[in-house]
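These values consider heavy atoms only, across backbone and side chains, with no hydrogens, waters or symmetry-generated copies. In what follows, chains carry the letters A, B, and so on, assigned in the order in which the sequence lines appear, proteins first and then strands, with residues in each chain numbered from 1.
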Amino acid sequence: MQRRILAWFQAHRRALPFRDDPDPWRVWVAEVMLQQTRVEAMLPRYREFVARFPDPATLAAAEEEAVLAMWSGLGYYARARALHRAARRLARGGGEIPRAAAALKELPGVGEYTAAAVASIAFGEAVAVVDGNVRRVLARLFAVPGAPGRAAFERRIRELADELMRAGGAADPGAWNQALMELGALVCLPKRPRCGECPAAGACRARAAGREADFPERAPRPAATVVSTTRGVVRDAEEGLLLVRRRESPLRGLLDFPGGPCRAGESPRRALAREASRRYRLELVPGRALPPFPHQIMHRKITVFAFEATFAGASPDRLPEGARWVRPDHPPGIAAGAIFRKVLRLLPAP
DNA sequence: CACGCGTGGCG
DNA sequence: TCGCCAAGCGT
């Protein structure tokens, strides 16, 4: 399997500038720029950067402002500051870039991944890289359970990566590491893996089980934030019509009662009056409270406080833009959100 | 182990 | 239009 992956890499690898010339400084700069950044976005900036700062000493001599200027648009500017600090530290110590991953990792901005990448690609050290691509490829090849970030998953991936480096990667550590990452970037894609083009498909346990989309598992979403929102139900005295408005984004265009979110510490009644006035030019006075109920959207736990409400003064002759009256048994074909329907069910029969 | 850090491309 | 990232690191 490893021979097939390496052969595939030789045939399909992209021609990236730091591949033609595995100069340690160029590899280092490239790996830092590639942190959380796409190759296409990084390439032009990379060429400018290494032309302007061809070695650590040149970077060390530059002002931080000039370094950041060369980085502008790439994001994660702490990377540029760390690289600058690292270059200055090297300059004071004699200027040589450490050859071992363990020593590289001591430098600012150089973590487990970058240390292994530079040591293997530039110096041929047999240390395995583990990045997002490697996690995904190995999780599928070996059907590794668990989600990235979880200790058990990370431990197992690390074991597998180390073992593969020992087994078939050590002859050319840089090539093996890049082959695995390139496979993840071009074939073993996060969403729709191109298993038909994969040199390792025959050995892939996820593929054999028809479950390549199930690996790696998705990390559990962060805990839902708890918020409150309000709605006001205004009924026309004569016909029992309900006052509604069209939503702005999100759920733009859908029907809903006037109202909106409570600010921190704000009472629902006050929030209703404020939101109805500010957002919809409806001056409302909250009356009897309907039973509060929960509603969940994605990672938000919303408590909905609905009130019967009346106009602050006389009923306006013309409703503001976006507001209108509808029958309580609103005709089918009118799109309304879930909160609207839940509030509707709380209302007593007219 | 959670979080913040930036940006551009994609469905 | 918008959520979801993509070759991580430091705190």
Side-chain angles (χ1 to χ4, degrees), chain A residues 9 13-19 22 26-46 68-86 89 101 104-122 127-139 146-155 157-158 161 173-193 213 216-225 247-254 297-300:
Chain A
F9 178 59
R13 68 180 200 168
R14 292 167 290 182
L16 305 179
F18 47 92
R19 284 185 173 159
R26 292 165 58 87
V27 172
W28 182 5
V29 171
E31 292 300 340
V32 171
M33 278 194 179
L34 281 170
Q35 291 168 13
Q36 301 287 285
T37 304
R38 296 174 163 279
V39 166
E40 313 83 71
M42 160 273 195
L43 275 183
R45 321 313 304 280
Y46 171 80
L68 292 176
M70 294 297 293
W71 207 271
S72 72
L74 273 179
Y76 284 121
Y77 297 95
R79 297 181 297 175
R81 291 196 188 87
L83 187 60
H84 191 213
R85 283 209 310 284
R89 184 180 299 182
L104 284 161
K105 195 172 177 311
E106 298 304 309
L107 294 166
V110 179
E112 195 76 29
Y113 165 79
T114 307
V118 174
S120 63
I121 296 170
V127 283
V129 298
V130 174
D131 75 333
N133 288 311
V134 173
R135 286 184 179 88
R136 185 172 61 256
V137 170
L138 296 186
R150 309 299 301 186
F153 176 90
E154 297 296 336
R155 233 180 352 258
I157 294 293
R158 169 52 61 186
W176 171 247
N177 278 335
Q178 293 183 82
L180 222 41
M181 291 191 283
E182 196 81 334
L183 190 63
L186 299 183
V187 174
C188 197
L189 304 175
K191 297 199 172 166
R192 297 192 40 175
E217 291 171 22
R218 313 260 303 172
R221 290 284 100 196
T225 57
R247 290 188 59 102
E248 296 303 319
S249 182
L251 306 184
R252 181 186 183 81
L254 296 190
I297 298 177
M298 300 294 289
H299 56 289
R300 303 171 82 82

For A:Arg135 and C:dC5, what is the distance between atoms CZ and P respectively, to the nearest whole Å?
14 Å

Between P on C:dC9 and CD on A:Glu112, what's the gap in Å once rounded to a whole number?
8 Å

Between A:Gly73 and A:Lys191, name the one whose nearest nucleotide on DNA chain B is closer to the 5' end.
A:Gly73

Does the side chain of A:Arg218 get closer than 4.0 angstrom to OP1 or OP2 of C:dC5 through an N or O atom?
yes

For A:Arg81, answer base if it contacts any base atom (sugar-phosphate contacts may also be present), sugar-phosphate if it contacts only those atoms, and nothing otherwise; contact means non-hydrogen atoms under 4.0 Å.
nothing

Contact class for A:Arg85 vs. all strands (heavy atom < 4.0 Å): base, sugar-phosphate, or nothing?
nothing

Below 4.0 angstrom from OP1 or OP2 of C:dC9, is there any side-chain N or O of A:Thr114?
yes

Taking A:Glu106 first and then A:Arg89, would you say they form a salt bridge - that is, a charged N and a carboxylate O separated by under 4.0 Å?
no

Mind checking if A:Gly149 touches a base, just sugar-phosphate, or nothing, with heavy atoms under 4.0 Å?
sugar-phosphate

Under 4.0 Å between any heavy atoms, over every strand shown, what does A:Val129 touch: base, sugar-phosphate, or nothing? Just pick one.
nothing

A:Gln35/A:Tyr113 under side chain to side chain donor-acceptor pair (under 3.5 Å): CA gap, chis, key distance, verdict:
CA-CA 9 Å; A:Gln35 291 168 13; A:Tyr113 165 79; over 6 Å; no

Tell me the interatomic distance from A:Leu107, atom CG, to C:dC9, atom P, rounded to whole angstroms.
12 Å

Pairwise P distance for C:dC9 and B:dG8, with rounding to whole Å
22 Å

Atom pair distance, as rounded to whole Å: CH2 in A:Trp71 and C1' in C:dC9
12 Å

Looking across every strand, which nucleic acid part, if any, lies under 4.0 Å from A:Leu16 by heavy atom: base, sugar-phosphate, or nothing?
base

Quick one: does any side-chain atom of A:Tyr46 pair with a main-chain N or O of A:Arg26 as donor and acceptor, under 3.5 Å?
yes

Starting at CD of A:Gln36 and ending at C1' of B:dG6, how long is that distance when rounded to a whole Å?
10 Å

Starting at atom OH of A:Tyr76, determine the distance to atom P of C:dT11, rounded to an integer number of angstrom.
16 Å

Using a 4.0 Å heavy-atom cut-off across all strands, classify A:Ala151 as base, sugar-phosphate, or nothing.
sugar-phosphate

Tell me which nucleotide among C:dG8, C:dA6, B:dC1 gets nearest to the side chain of A:Arg150.
B:dC1

In whole Å, what separates the P atom of B:dC3 from that of C:dC5?
15 Å

Between atom CZ in A:Arg45 and atom C1' in C:dA6, what is the gap in whole Å?
17 Å

What is the distance, to the nearest angstrom, from the CG atom on A:Leu68 to the C1' atom on B:dG6?
13 Å

Please tell me if the side chains of A:Gln36 and A:Tyr76 come closer than 4.5 Å, counting only heavy atoms from C-beta onward.
yes

Separation of the P atoms in C:dC2 and B:dG6, to the nearest angstrom:
23 Å

Pick the nucleotide of DNA chain B nearest each of A:Tyr77 and A:Ala152; which residue has the one closer to the 5' end?
A:Ala152

Minimal heavy-atom distance between A:Met33 and A:Arg45, with the atoms involved, is CE-O, 3.7 Å

